[in-house]
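The chains referred to below are lettered A, B, ... by the order of the sequence lines, with proteins before strands, and numbering in each begins at 1.
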Number of protein chains: 2
Amino acid sequence: MVKEKLDNQTEKAILEAAGKLFTRKGFAAARMEDIAKEAGINRALLHYYFRSKEKMFDLIFDQRVNEFFSGLGEIMFSEKGLEEKIRAIVEHEITTLSAHPDLPIFVLQELNQNPQRFLDHAGKAGAHPSTLLKKFSAQVKDEIKKGKIRNVDPSQLLMSIMSMAIYPFIAKPILKTIFETDEQGFNLIMKKRKKEVPDFILSALKV
Amino acid sequence: MVKEKLDNQTEKAILEAAGKLFTRKGFAAARMEDIAKEAGINRALLHYYFRSKEKMFDLIFDQRVNEFFSGLGEIMFSEKGLEEKIRAIVEHEITTLSAHPDLPIFVLQELNQNPQRFLDHAGKAGAHPSTLLKKFSAQVKDEIKKGKIRNVDPSQLLMSIMSMAIYPFIAKPILKTIFETDEQGFNLIMKKRKKEVPDFILSALKV
DNA sequence: GTCTATAGCTGGATAGAC
DNA sequence: GTCTATCCAGCTATAGAC
C-alpha cells in the first residue's frame with residue numbers, strides 16, 4: 001500500500017524534463033513532444049502520469065516558486081542584525097540563482113501573465129508575504145531610531161536589495177554582450193557581486 | 001509613387017494590436033485571431049499586410065528593444081557630470097517604464113530565449129553596447145582618481161543602477177502583494193523611487 | 001483592401017494492443 | 001507501464017470572391 005518512491009524512474013525523468021523545458025520556454029512554447037523526447041519516452045506516457053499539460057505545468061511552477069523564495073523567509077525571520085541579514089540575503093540569492101539562472105525570468109514572466117497565482121501560492125505557504133516586509137521594516141526603523149543608519153524608506157531599501165541581487169540574472173544576455181564575456185566570466189562577476197553589493201548597500205546606509 | 005503614411009489606418013491598427021498582444025503574452029501564446037479582433041479586422045488581412053506571424057513579431061520586437069534602450073545612449077554619451085548622469089538615467093528609466101510597464105519582461109524574456117537577437121539588433125544600431133560601458137567606466141574611474149567618490153567597480157555600479165530602476169517593474173505582481181497595494185499605489189512608490197534611488201546610490205559613493 | 005471559406009499543419013489528448 | 005495509431009481542436013496561412 002505504500003506509494004513507491006524509489007522505483008518510478010519514469011515519473012522522475014518526466015518531471016525533470018518538464019522542469020527543464022517549461023523553465024526555458026514557458027508554458028505556451030514548451031511542447032509535450034519535446035518534453036517526452038527529453039525524458040526518453042513518448043507523449044502518451046506523459047498523459048498517463050500527469051493527465052494534462054496544465055497539471056504538469058502547475059506542479060513545476062509551484063516547485064519553481066518555492067525554489068525562488070526558498071530560504072528567504074528563514075533569513076528574514078532570523079535574529080540576525082541588519083548588516084548580517086543584508087549580507088545573508090544577497091549571498092543566498094546570488095548563490096541560488098547561479099545554480100538556477102533561469103528561475104527568475106520564468107517565475108516572474110508567468111506571474112506577470114497571471115498575478116493571481118502568487119496569492120494562491122502564498123495562501124498555501126501559510127504566512128502572507130507582507131509579514132516579511134513588516135518584520136524587515138521594523139528592524140530598519142529601529143536601527144534608524146538608534147541612529148545606526150541613515151533615514152531611508154524600508155520598502156524602497158528592500159526593493160533595492162532584491163533588485164541588485166536578482167536583476168543581473170534576468171538581464172544576463174545583455175550583460176554578457178556589454179561586458180564582452182561568456183558564461184564563465186559572467187559567473188565570476190556574480191561571485192564578486194556577493195561582496196560588492198552588501199558593501200555598497202551598507203555604505204549607502206552609513207550615517 | 002510616394003508611399004502612403006497617413007492613409008493606412010489598418011496597418012497602424014494592426015501594429016498597435018500586435019504590439020499589445022505580443023508584449024503581453026509573448027510570441028507563442030499570442031494568437032493571430034486575437035490580434036485581428038483587437039485591431040477590428042480579420043485574420044486574412046494580417047497576412048495581407050505582414051505575410052507571416054514571425055515577420056510581424058520581428059517588427060514589434062525590434063521596436064520594443066529600441067524603446068527599452070531609447071534615450072540611454074544619449075544620456076551616457078552626454079557631457080553631464082556623474083551625479084547628474086546617474087539622476088538622469090534613473091529618472092529616464094522609471095519614467096519610460098511607468099508608461100510601458102511590461103516592456104522589460106517581454107524584451108528580456110525573448111532575449112533569454114534567443115540571445116543572438118541582441119547582437120543582431122546592436123549590429124543594426126551601429127555602436128556596440130560595450131562602448132556605452134567604456135564611456136561610463138572612464139568617467140567613474142576619473143572621479144575615483146580625483147577622490148570625489150569611493151573606489152567601486154564601474155561595471156558593478158552600472159549593474160546596480162539599472163537593476164534598481166528596472167527590476168521593480170518586472171517583480172510588480174510580487175511587490176503589489178507584499179506592499180498590499182494596487183496599480184495606483186505601485187505607481188506612487190515608483191514615482192518616489194525616482195529620487196530615492198539616486199540619493200541611495202550617491203550616498204553609497206560618498207568617500 | 002477586405003472579406004469568407006478552407007486547406008494544411010501542429011500539438012494535446014485518448015483508445016487500445018501488448 | 002509503455003507503446004503505436006488516431007482523433008480532434010486550434011492555429012497559421014492561402015485562395016478566391018467582392
Side-chain angles (χ1 to χ4, degrees), chain A residues 1-64 106 109-110 113-114 117, chain B residues 1-64 106 109-110 113-114 117:
Chain A
M1 280 308 157
V2 177
K3 187 144 186 271
E4 299 289 343
K5 280 284 179 185
L6 295 166
D7 211 21
N8 44 12
Q9 284 296 69
T10 310
E11 189 171 339
K12 247 188 82 180
I14 292 175
L15 281 175
E16 195 163 331
K20 189 166 165 180
L21 283 159
F22 279 135
T23 309
R24 274 203 199 147
K25 324 236 285 176
F27 177 78
R31 286 171 307 164
M32 295 295 264
E33 173 65 39
D34 297 339
I35 295 172
K37 198 184 283 176
E38 175 77 29
I41 45 131
N42 68 21
R43 267 172 298 166
L45 215 46
L46 299 179
H47 290 93
Y48 174 79
Y49 277 96
F50 299 100
R51 191 87 197 160
S52 75
K53 188 184 181 184
E54 282 209 13
K55 285 199 200 316
M56 271 186 63
F57 181 80
D58 287 344
L59 283 176
I60 300 295
F61 183 71
D62 263 30
Q63 183 204 321
R64 290 293 192 263
F106 169 67
Q109 152 81 8
E110 298 291 346
Q113 213 79 195
N114 182 3
R117 285 199 105 108
Chain B
M1 279 304 158
V2 176
K3 185 143 186 275
E4 299 288 343
K5 280 283 179 186
L6 294 167
D7 210 22
N8 43 14
Q9 282 295 69
T10 309
E11 189 170 339
K12 247 187 86 180
I14 292 175
L15 281 175
E16 194 163 332
K20 189 166 167 182
L21 282 158
F22 279 135
T23 310
R24 274 202 200 149
K25 325 238 285 175
F27 178 78
R31 288 172 306 165
M32 296 295 264
E33 173 65 39
D34 297 340
I35 296 171
K37 197 183 287 176
E38 176 77 30
I41 46 129
N42 68 20
R43 271 170 296 166
L45 216 46
L46 298 179
H47 290 93
Y48 174 80
Y49 276 96
F50 298 101
R51 189 87 198 158
S52 75
K53 188 183 179 183
E54 282 208 14
K55 286 201 201 314
M56 269 184 68
F57 181 80
D58 287 345
L59 283 176
I60 299 296
F61 184 71
D62 264 30
Q63 183 205 322
R64 290 295 191 261
F106 170 68
Q109 152 82 8
E110 298 290 346
Q113 214 80 194
N114 182 2
R117 286 198 104 111

Could you say whether A:R31 or A:R51 is positioned toward the 5' end of DNA chain C, judged by the nucleotide with the nearest heavy atom to each?
A:R31

Just call it for A:R43: base, sugar-phosphate, or nothing, with non-hydrogen atoms closer than 4.0 Å on any strand.
base

With the side chain defined as heavy atoms from C-beta on, B:Y49 is closest, among D:dT4, C:dT2, D:dT12, to C:dT2

Looking only at side-chain atoms of A:L45, point me to the closest of D:dT12, D:dC3, C:dC3.
D:dC3

Separation of B:K37 atom NZ from D:dC11 atom P, in whole Å?
10 Å

Hey, what's the ring geometry for B:F27 with B:F57, parallel, tilted or perpendicular (30° and 60° as the breaks)?
perpendicular

A:E33 has an atom CD; how far is it from atom P of D:dA5, in whole Å?
14 Å

In this structure, how many angstroms lie between the P atom of D:dC11 and the CG atom of B:L46, rounded?
14 Å

Rounded to whole Å, CD1 of A:I14 lies from P of D:dG1 at a distance of 11 Å

Have a look at A:F50 and tell me which of A:L59, A:D58, A:L45 forms a side-chain contact (heavy atoms from CB on, under 4.5 Å) with it.
A:L59

Looking at C:dG12, I'd like to know if its phosphate oxygens (OP1 or OP2) sit under 4.0 Å from a side-chain N or O belonging to A:S52.
no

If only atom types and distance count, is the side chain of A:K53 paired as donor or acceptor with the main-chain N or O of A:A30 below 3.5 Å?
yes

Of all the choices, D:dT12, D:dT4, C:dG12, which nucleotide is nearest to the side chain of B:K53 once you look at every atom?
D:dT12

What's the CE-P distance between B:M32 and C:dT6, to the nearest Å?
21 Å

Between C1' on C:dG12 and CE on A:M56, what's the gap in Å once rounded to a whole number?
12 Å

It should be established whether A:Y48 places a side-chain nitrogen or oxygen under 4.0 Å from OP1 or OP2 of nucleotide D:dC3.
no

Could you tell me if the side chain of A:M32 sits less than 4.5 Å from the side chain of A:H47, heavy atoms only?
yes

If I take atom CG in residue B:D34 and atom P in nucleotide D:dG10, what distance separates them, rounded to the nearest angstrom?
12 Å

Any side-chain heavy atom of B:K20 within less than 4.5 Å of one from B:E16?
no

If only side-chain N and O atoms of A:H47 are considered, is one of them under 4.0 Å from the OP1 or OP2 phosphate oxygen of C:dA13?
yes

For A:A30, which contact category applies under a 4.0 Å heavy-atom criterion: base, sugar-phosphate, or nothing?
sugar-phosphate

What is the distance, rounded to the nearest whole Å, between atom NZ of A:K12 and atom P of D:dG1?
17 Å

Within the pair B:N42 and C:dC3, is there a side-chain N or O less than 4.0 Å away from OP1 or OP2?
yes

